[in-house]
Protein chains: 2
Amino acid sequence: MEGKIPKPTIKRLAVYYRCLENLIKSGKETVSSQELGTYLNIKASQVRKDLSYFGEFGKRGIGYQTRRLLDGIAEILGIKRTWNVCIVGAGNLGIALANYPGLSKGGYHVKVIFDNNPAKIGMKLQNGLIVEDLKNFEKVTKEKEIHIGVITVPAESAQQVADIMLSSGIKGIINFAPVKLSIPKKIPVEEIDISLTFRALSFQISTQKNQ
Amino acid sequence: MEGKIPKPTIKRLAVYYRCLENLIKSGKETVSSQELGTYLNIKASQVRKDLSYFGEFGKRGIGYQTRRLLDGIAEILGIKRTWNVCIVGAGNLGIALANYPGLSKGGYHVKVIFDNNPAKIGMKLQNGLIVEDLKNFEKVTKEKEIHIGVITVPAESAQQVADIMLSSGIKGIINFAPVKLSIPKKIPVEEIDISLTFRALSFQISTQKNQ
DNA sequence: TCGTGTGAAGAACTTCACAGCT
DNA sequence: AGCTGTGAAGTTCTTCACACGA
């Protein structure tokens, strides 16, 4: 049943997708919500609820056909299409992402990487990409039809980069800089805040001990 | 009032901390929940609720003393102490993290990086670290008193690495590999799943259009 | 009057429990 | 009998609304 889809559901769908790829590879043809849940450490009822937002994928008494479910999720998540990605910030992290095989495997193609540091502009990466001048952002991203912008610059310059992305018509942003960007709500943003994650972890470690 | 603290509250505390650092740097001595919320795009009531879990930091009619609040949060999050970190997986991402200034700034010191690839073992990073053989994991991490293990290997070997970490007495794990690890509940784990985040973003972009 | 601290209401997400298809 | 799909109950987190102190 269509309705409002919880955001966590979307992330789990992508997880189910991965798991199904493996199950199919190992020759499994059907799978129950119970099994899927056990593999992924998710409650069976959660699996069923997640899938039920998008229609009836399963057969009662039997479970889900792995192939059919995989295709269904691919459809929902738009996995079949590809996305053109640009990275701003040719530091260690930006370069690592540009070379990250997980992205291109998932259909996210890093087409260009920018920096404003003259020492970096023109530099050639492992994968053959050449660092472009941030000044040419709008021109280059329009030429290459970039959909997604990734921010890997220091906190101080992140908002500035975000503004350039917005005015150049980027459709969505992934922000690795440790700041809250102000971005109009109609442009989706996902934050990956590495030091925040370390904080959350070490807090858990500290409080663990007292129990 | 002490009670059960929502996990999102912890992450927000770290965000407040960062913001307070900046406010103090710019000479601000007090701040209201309203102001803090506006800077960070968080509701004022959320800010007050978050802080109230840990006691009464503010003064009615005035707001929060920035310095006092900063110290209070540092206390809660254990920001004053440092943490020793190891990374397993000397690929692009692992190396980028080892050199990531945000971590050491936050008190997370990458003391050692491991790999099992002979071509990589012995390699010297920008920051002087030398890639160690994964075989020596337990010995080296005990010597260096490592608290936190970071997994940056491919999905296939992530569980194996996690098992080594567990049996060597690591206190907490940050997992960048795109798999759900099975880990006893008493060991905290944080996941940073980059391709999942891209999926969530592109899903939002796709559905945006239909509205 | 201004702004906190907090019980109560609300929203979002998860889990239960069971009717109903295969 | 086995397993899905789903309303309803439960849980967790957020927002409201207001008493109260500075």
Side-chain angles (χ1 to χ4, degrees), chain A residues 1-16 20 23 28-70 72-73 76 180 185 196 200 203-204, chain B residues 1-16 20 23 28-66 68-70 72-73 76 180 185 196 200 203-204 207:
Chain A
M1 290 286 149
E2 293 272 345
K4 219 194 156 271
I5 288 111
K7 207 166 155 185
T9 291
I10 299 305
K11 292 211 171 185
R12 281 192 301 265
L13 283 184
V15 172
Y16 302 153
L20 286 164
L23 290 176
K28 207 150 170 19
E29 297 201 342
T30 69
V31 67
S32 69
S33 59
Q34 186 57 252
E35 288 175 284
L36 210 45
T38 305
Y39 292 131
L40 299 171
N41 208 17
I42 293 174
K43 290 245 163 27
S45 55
Q46 180 74 80
V47 174
R48 294 200 301 279
K49 178 68 86 180
D50 284 341
L51 298 176
S52 76
Y53 288 117
F54 302 95
E56 310 205 353
F57 284 107
K59 289 218 191 322
R60 293 164 194 228
I62 294 171
Y64 302 89
Q65 260 187 278
T66 50
R67 187 78 232 175
R68 196 166 107 64
L69 185 53
L70 185 88
I73 295 178
I76 294 163
K180 183 79 196 173
K185 280 199 213 70
L196 227 53
F203 179 79
Q204 287 175 75
Chain B
M1 290 287 147
E2 292 272 344
K4 218 192 156 273
I5 288 112
K7 206 167 157 184
T9 292
I10 299 305
K11 292 212 170 183
R12 281 192 301 265
L13 284 184
V15 172
Y16 302 152
L20 286 164
L23 290 177
K28 207 149 169 21
E29 298 201 342
T30 70
V31 66
S32 69
S33 59
Q34 185 58 249
E35 287 175 285
L36 210 44
T38 305
Y39 292 131
L40 300 171
N41 209 17
I42 293 174
K43 291 244 162 29
S45 55
Q46 180 73 81
V47 174
R48 295 201 301 277
K49 178 68 84 180
D50 284 341
L51 297 176
S52 76
Y53 288 117
F54 301 94
E56 311 204 351
F57 284 107
K59 289 219 191 320
R60 294 166 194 226
I62 293 171
Y64 303 90
Q65 259 186 280
T66 49
R68 195 166 109 64
L69 185 53
L70 186 88
I73 294 177
I76 295 164
K180 182 80 196 174
K185 281 198 212 72
L196 228 54
F203 179 79
Q204 286 175 76
T207 54

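Every chain is numbered from 1 and lettered A, B, ... according to where its sequence line falls, protein lines coming before strand lines. None of these values were measured; they are calculated from a predicted model.
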query = Going by heavy atoms in the side chains, are A:Phe54 and A:Ile73 under 4.5 Å from each other?
reply = no
task = Give a yes/no answer on whether the side chain of A:Tyr64 brings an N or O atom under 4.0 Å of OP1 or OP2 in D:dG5.
result = yes
query = Considering only side-chain heavy atoms of B:Ser33, which listed nucleotide, D:dT4, C:dT4, D:dG5, is closest?
reply = C:dT4
Contacts of type side chain to side chain contact (heavy atoms under 4.5 Å, CB included), residue B:Ser45, not counting sequence neighbours = B:Lys43, B:Arg48
Flag side-chain contact, heavy atom, 4.5 Å: A:Leu69 against A:Tyr16 = no
Measure all distances between protein nitrogen or oxygen atoms and nitrogen or oxygen atoms of nucleotides 11-15 of chain C, and list the pairs falling under 3.5 Å.
| from | atom 1 | to | atom 2 | distance (Å) |
| --- | --- | --- | --- | --- |
| C:dT14 | OP1 | A:Arg12 | NH1 | 2.8 |
| C:dT14 | OP2 | A:Arg12 | NH2 | 2.8 |
| C:dT14 | O5' | A:Gln46 | OE1 | 3.2 |

message = According to side chain to side chain contact (heavy atoms under 4.5 Å, CB included), who are the partners of A:Gln34, at least two apart in sequence or on a separate chain?
response = A:Ser32, A:Thr38, A:Ala44
Donor-acceptor pairs under 3.5 angstrom involving side-chain atoms of residues 5-12 of chain B: please list them, not counting sequence neighbours.
| from | atom 1 | to | atom 2 | distance (Å) |
| --- | --- | --- | --- | --- |
| B:Lys7 | NZ | B:Glu190 | OE2 | 2.9 |
| B:Thr9 | OG1 | B:Arg12 | NH2 | 3.4 |
| B:Thr9 | OG1 | B:Asp50 | OD1 | 2.8 |
| B:Arg12 | NE | B:Asp50 | OD2 | 2.6 |
| B:Arg12 | NH2 | B:Asp50 | OD1 | 2.9 |
| B:Arg12 | NH2 | B:Asp50 | OD2 | 3.4 |

remark   = Dot-bracket assigned to DNA chain C with the 3.5 Å Watson-Crick/G-U criterion, [ ] for crossing and | for other-strand pairs, is ||||||||||||||||||||||
ask   = Between atom CZ in A:Phe54 and atom C1' in D:dT4, what is the gap in whole Å?
value = 17 Å
Contacts under 3.5 Å, N or O only, protein and nucleotides 20-22 of chain C:
| from | atom 1 | to | atom 2 | distance (Å) |
| --- | --- | --- | --- | --- |
| C:dG20 | N3 | A:Arg60 | NH1 | 3.4 |
| C:dT22 | O4' | A:Arg60 | O | 3.0 |

task = Measure the distance from CG on B:Leu51 to P on C:dG3 and round it to the nearest whole Å.
result = 16 Å
Smallest separation among heavy atoms of B:Leu196 and A:Ala14, with atom names = CD1-CB, 3.4 Å
inquiry  = Quick check: closest heavy atoms across A:Lys28 and A:Tyr39, and the distance to 0.1 Å?
reply    = CE-OH, 4.0 Å
